[in-house]
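Written out below as structure tokens is the structure these notes cover.
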Amino acid sequence: MAEYEPQRIEAKWQRVWEEKGVFRAIDGDSGRPKYYVLEMLPYPSGTLHMGHMRNYTIGDAVARYKRMCGYNVLHPMGWDAFGLPAENAAIKAGIHPREWTNTNIREFRRVLRRFGFSYDWQREISTCEPEYYRWNQWFFLRMLEMGIAFRKKSKVNWCPECATVLANEQVIDGFCWRHETTRVEMKELEQWFLRITQYSDELLADMAQLRNGWPERVLLMQENWIGKSRGARVNFSVDGTRLGIEVFTTRIDTIYGASALVIAAGHAKMNDLLEGVRGRAAMDAQIKSMLQRSTKAADIATAEKEGFFTGCFAVNPFSGEKVPVWVGNFVLAEYGTGAVMCVPAHDQRDYEFAKKYDLAIKVVVQPVAGQPLRAERMNQAYTDYGNLVDSGRYSQLSSEQAIEKMAADAESAGFGHAETTYRLKDWGVSRQRYWGTPIPVVHCAKDGIVPVPDEQLPVRLPENVSITGLGQSPLASVPAWLNTTCPKCGGPARRETDTMDTFVDSSWYFYRYTDPHNSSAAFDKGKVAYWFQIDQYVGGITHAILHLLYSRFFCKVMRDLKLVGHDEPIARLFTQGMVQKGGVAMSKSRGNVVGAIDMADKYGCDTGRLYTLFAAPPEKDLEWSEQGIEGSARFLNRVFRLVDKYGARLKNVSLEVGGSSDGSPTVKEKLLVRRLHQTLKRVTEDFDTRWHFNTSIALIMELVNELMAQEPLDRDISPAALKGVFEGLVLMLSPMAPHIAEELWAMLGNSDGIYTQKWPRYSAELAREEQIEIPVQINGKVRARIMVEAGLSEDKLKQQAMNDPHLASLVAGKQIVKVVVVPNKLVNIVVR
RNA sequence: GCGGAAGUGGCGGAAUUGGCAGACGCGCCAGCCUUAGGAGCUGGUGGCCGAAAGGCCGUAGGGGUUCGAGUCCCUUCUUCCGCACCA
């Protein structure tokens, strides 16, 4: 009797798969449909734990299933290898970032291989290699030509801990995304940006293409992030000066109700406005304290509204009314125009501000129905649309009509116009760090900023750099690298010392997998055309806005460069839940990780895979349970023992998979074959539509339970029938627990591996039950069950139910009002 | 505050189209086997009443539609996630 030894079996089959190259994707194979399934590439740092493994296991199960269904599957893996931790390690331990990174990559590769994921390893990429980042530089130069990459002096988010600039997307509630306790500061710097805002509308509109394949909430988060808002700009002139202050409003229809103009503390015209105003010094002090306080978003939102009157008045261009100009802490300098009109009756924030500082509350929009509003009776703002009152010649228009007409009138009168604003800002990509892609431009005293010519790419990172984490970009301290000649005039020039945000690397990496070794282009257009779009992307929800938005943006740039023919790179996205322990996501810093290798050593990777798929549906968070994984281990052991017990007897039996034996099948044969096909049907459906692997596994467990219940399996069942059932079982298990499946397949006498096998087709005929149990209800409560022939007509089913003696006695003496019959499902007798 | 997702036994979860609530697994209980078990096998396991047959209750709370509701509608509550003074 053999014993299930997962480690031995797993190593053995991994070797076979490797030797036969069974996971290789074939470029341009026209005989089979293509399927590109991808898991988000990991950042090689720390240890791989079961949270990572869950992600890869889901992708792998799908890849293997699709391969069995006859697809030419592209399932690659690579490394997001540039980034800060490598540099920090260099500072701390004196290891070169490249060495640190490559050591981690080796470890990650070892773990992923240990789990037997069906990657085409020949396509492996690592973003820190010049062969890869060279194309980051190439794309950057194209974007420079297109005007999408540009330089501007701007206030940037600066993390003192990272000693570098952060993108808006990397600032979380005013703190660094890597350092939860480090407050992000604002600094004025010359920076490189990518003009993602040029695609704002398209990024929004093309979500229509993603509606069917992406989770609703990811699209929603992106939509909110882009934050499109239609409204109008209106210029208020400051009384007694030549100064104008523009406001942005989505509710121009309420402008007659404006009782103040409120500007942000950081408003660009603050200095001009306060010029010569009395009490200036006190105001400056207040402004300063307001500017310092803008920190954590959640605090800001709940903070008490504060402000002060500037002593200036502005003229409402519609009404000619003079309104006081205030500075308010609730107005954002970065959004819209940094100034708002304060309409207390129709905006809740304005209402609170007005209440505190005793500003006039003037109702100018009345609800269409119900009691008319009266300012003195209001205890909150009325923010819905309605009909205008006390609004000059616009009175009686509806809000909708007024919004359109007033914007048009403002435009023809020259003091405003309709405008759309976005929350999305251009993507700052400059980083004052070493371990990233050098930005391929030089600074020449004569010619200014000059792009490095394509043929001089890649601009390689110098290897001998002292990294201190202090001060300027580390690249500035390598004179041999820094000093170069200007490609234009040949004179002395200095290289750009900023490197690119690593999100640039991951914005297009999945294209490189289609052509990973191309040294003359980022990729061959034909290969991308063959493999794209990505049919299925699998990853965590954490990247809902950063990576997934940047990737969409890059795709559109590539399309405009005529490199790709599609608008969106990813047809379907699946966001799997996190693996938690103690109610929180596994992470090294929390110290609650369950190591992947530990699991493989203790139970075998098949058990680890099976458990992560079984414990919860893949989109849900999963709480790791040591007892749970024991259960999965027990199950695989049971299957192994069962096949082992009868395998020898079945080895030399030949058959059609899942077929029945000749002649008249026994009751046991019919039952087991039927169960197999019923299971097959539902497991196939789970793979094709829902990805609820937990129910698939439950069904397979039920099949195994039935087999055990029917023991002994060498009596009343032909070897061929039994072998057919066993083989079907093993094939179904193979995408989820591939190693043990191969072993069992071999134990059943097959010399060709499962990797040569097609996914079994179920037969509706064989799956059909002959006799089924029908619950019979009386007034909706189950009172009896009757066994009837399957597929019985409505009339006959009703008749059989009514003829049942037990039911007849229950119904006796009552009036039958109605009988509801659902063929093959149930009967409900309604009595009075 | 806005937006979204969710709420089912002791636990993870199942119920795919409105049709037997609790599949499957964990845990627990009892038994068998064993020198031994963190192994294996068999049976039981939502609550209440009952010796049993059986009955009643039960999917966060309340209401509704329906022959029939975990599923649909209204409403309240709770939890989690995202955004957050976005004008």
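All values reported here derive from a predicted model rather than from experimental measurement. Convention: sequence-line order gives letters A, B, ...; per-chain numbering from 1.
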How long is the span from the CD atom in A:Gln710 to the CG atom in A:Leu671, to the nearest 0.5 Å? 5.0 Å
Would you mind classifying the nucleic acid contact of A:Arg682 as base, sugar-phosphate or nothing, using non-hydrogen atoms under 4.0 angstrom? base
Check every atom of B:rC85, B:rC24, B:rC86 against the side chain of A:Lys305 and return the nucleotide holding the closest atom. B:rC85
When the C1' atoms of B:rA69 and B:rG55 are considered, how many whole Å apart are they? 23 Å
Is the backbone of A:Thr383 close enough, under 3.5 Å, to the side chain of A:His346 for a donor and an acceptor to pair up by distance? no
Roughly how many Å is it from NE2 in A:His267 to C1' in B:rA87, rounded to a whole number? 13 Å
Please measure how far the P atom in B:rG82 lies from the corresponding atom in B:rU16, and state the result in whole Å. 30 Å
Side chain of A:Pro775, heavy atoms from C-beta onward: which of B:rC41, B:rC20, B:rA23 has the nearest atom to it? B:rC20
Looking at B:rG37, which nucleotide sits across from it as a Watson-Crick or G-U wobble partner, both distances under 3.5 angstrom, or is there none? none
Taken to the nearest whole Å, CD/A:Glu626 to P/B:rG27 is 11 Å
Among the nucleotides B:rG12, B:rG19, B:rC20, which one has an atom lying closest to any side-chain atom of A:Lys825? B:rG19
Polar-atom pairs under 3.5 Å, protein N or O versus N or O of nucleotides 66-70 of chain B: list them with distances, or write none.
{"unit_1": "B:rC67", "atom_1": "O2'", "unit_2": "A:Asn828", "atom_2": "ND2", "d": "3.2"}
{"unit_1": "B:rC67", "atom_1": "O2", "unit_2": "A:Asn828", "atom_2": "ND2", "d": "2.7"}

Short N-O contact, A:Lys681 and A:Glu685, less than 4.0 angstrom: yes
Fit a plane to each ring of A:Tyr357 and A:Trp326, take the angle between them on a 0 to 90° scale, and name the class: parallel (under 30°), tilted (30 to 60°) or perpendicular (over 60°). tilted
In whole angstrom, what separates A:Ile545's CD1 from B:rC83's P? 5 Å
Span that lies between the P atom of B:rA5 and that of B:rA53, in whole angstrom: 45 Å
How far, in whole Å, is B:rU66 from B:rG47 if one measures between their C1' atoms? 27 Å
Side-chain donor-acceptor pair under 3.5 Å between A:Gln678 and A:Glu769, yes or no? yes
Keeping the roles fixed (side chain from A:Gln7, backbone from A:Asp601), state whether a donor-acceptor pair exists under 3.5 Å. yes
Rounding to an integer number of Å, can you tell me how far A:Leu636 CG sits from B:rG25 P? 13 Å
N/O donor-acceptor pair under 3.5 Å between A:Thr337 side chain and A:Glu246 backbone: yes
Proximity to the side chain of A:Val331 - top-ranked nucleotide from B:rU16, B:rA87, B:rG19: B:rA87
Strictly under 3.5 Å: I want the nitrogen or oxygen pairs between protein and nucleotides 54-58 of chain B, one per line.
none

Nucleotide nearest A:Leu332 when distance is taken to its side chain, options B:rC41, B:rC86, B:rA23: B:rC86
Base paired to B:rG58 (Watson-Crick or G-U; both N/O distances under 3.5 angstrom): none
Watson-Crick or G-U counterpart of B:rA5, or none if no pair lies under 3.5 Å: B:rU79
Between A:Asn705 and A:Leu699, which is nearer to the 5' end of RNA chain B once each is assigned its nearest nucleotide? A:Leu699
Pairwise P distance for B:rG38 and B:rG27, with rounding to whole Å: 13 Å
B:rA52 - base-pair partner by Watson-Crick or wobble geometry, distances under 3.5 Å: none
Is A:Val247 touching bases, backbone alone, or none of the nucleic acid, heavy atoms closer than 4.0 Å? nothing
A:His692 vs A:Gly336, nearer the 5' end of RNA chain B by closest nucleotide: A:His692
Any strand is fair game: report the nucleotide pairing with B:rG43 by Watson-Crick or G-U wobble, both distances under 3.5 Å, or none. B:rC29
Side chain of A:Met221 (C-beta onward), nearest among B:rG82, B:rG19, B:rG27: B:rG82
Shortest side-chain distance from A:Arg217, nucleotide among B:rC24, B:rC81, B:rA14: B:rC81
Salt bridge or not for A:Lys602 and A:Glu626, using N-O below 4.0 Å? yes
Atom-to-atom span, CE of A:Met701 to P of B:rC24 - whole angstrom: 11 Å
Out of B:rC85, B:rC41, B:rG13, which nucleotide sits closest to the side chain of A:Met708? B:rC41
Applying a 3.5 Å limit to both distances, which nucleotide forms a Watson-Crick or G-U wobble pair with B:rC20? none
Please name the nucleotide paired to B:rC86 by Watson-Crick or G-U wobble geometry with both distances under 3.5 Å, or report none. none
Could you verify whether a donor N or O on one side chain and an acceptor N or O on the other, from A:Glu630 and A:Tyr611, lie under 3.5 Å apart? no
From B:rG13, B:rA23, B:rC85, pick the nucleotide closest to the side chain of A:Pro617? B:rG13
Counting Watson-Crick and G-U wobble pairs only, both distances under 3.5 Å, name the nucleotide matched with B:rG68, or none. none
Sugar-phosphate, base or nothing in reach of A:Ser229, heavy atoms under 4.0 Å: sugar-phosphate
NA contact type, A:Met341, heavy-atom cut-off 4.0 Å: base, sugar-phosphate, or nothing? nothing
Is A:Gly227 touching bases, backbone alone, or none of the nucleic acid, heavy atoms closer than 4.0 Å? nothing
Mind checking A:Glu623 for me? I need base, sugar-phosphate or nothing, with any heavy atom below 4.0 Å counting as a touch. nothing
Is the ring pair A:Phe687/A:Tyr65 parallel, tilted or perpendicular, if the boundaries are 30 and 60 degrees? parallel
What's the closest nucleotide to the A:Arg638 side chain, out of B:rG25, B:rG13, B:rC83? B:rG25
If you round to the nearest 0.5 Å, how far is CE of A:Met270 from CD1 of A:Ile245? 8.5 Å
For the C1' atoms, the ones on B:rC73 and on B:rC20, what distance do you get once it is rounded to whole angstrom? 25 Å
Given the C1' atoms of B:rA21 and B:rG13, what is the spacing between them in whole Å? 13 Å
Between atom OG1 of A:Thr695 and atom CZ of A:Phe614, what is the distance when rounded to the nearest 0.5 Å? 10.0 Å
Which part of the nucleic acid, if any, lies within reach of A:Asn637 when heavy atoms closer than 4.0 Å are counted: base, sugar-phosphate only, or nothing? nothing
Quick check on B:rC86: is either OP1 or OP2 less than 4.0 Å from any side-chain nitrogen or oxygen of A:Asn224? no
Starting at CG of A:Leu613 and ending at C1' of B:rG13, how long is that distance when rounded to a whole Å? 14 Å
Just call it for A:Leu220: base, sugar-phosphate, or nothing, with non-hydrogen atoms closer than 4.0 Å on any strand. sugar-phosphate
Does A:Tyr603 reach the main-chain N or O of A:Ser632 with its side chain, forming a donor-acceptor pair under 3.5 Å? no
Write down the distance separating the C1' atoms in B:rU8 and B:rC57, rounded off to the nearest Å. 15 Å
Report the distance from atom CZ of A:Phe614 to atom P of B:rC11, rounded to the nearest whole Å. 17 Å
Taking syn as within 90° of 0 and anti otherwise, name the glycosidic form of B:rG9. syn
Is A:Glu711 salt-bridged to A:Arg638, going by a charged N under 4.0 Å from an acidic O? no
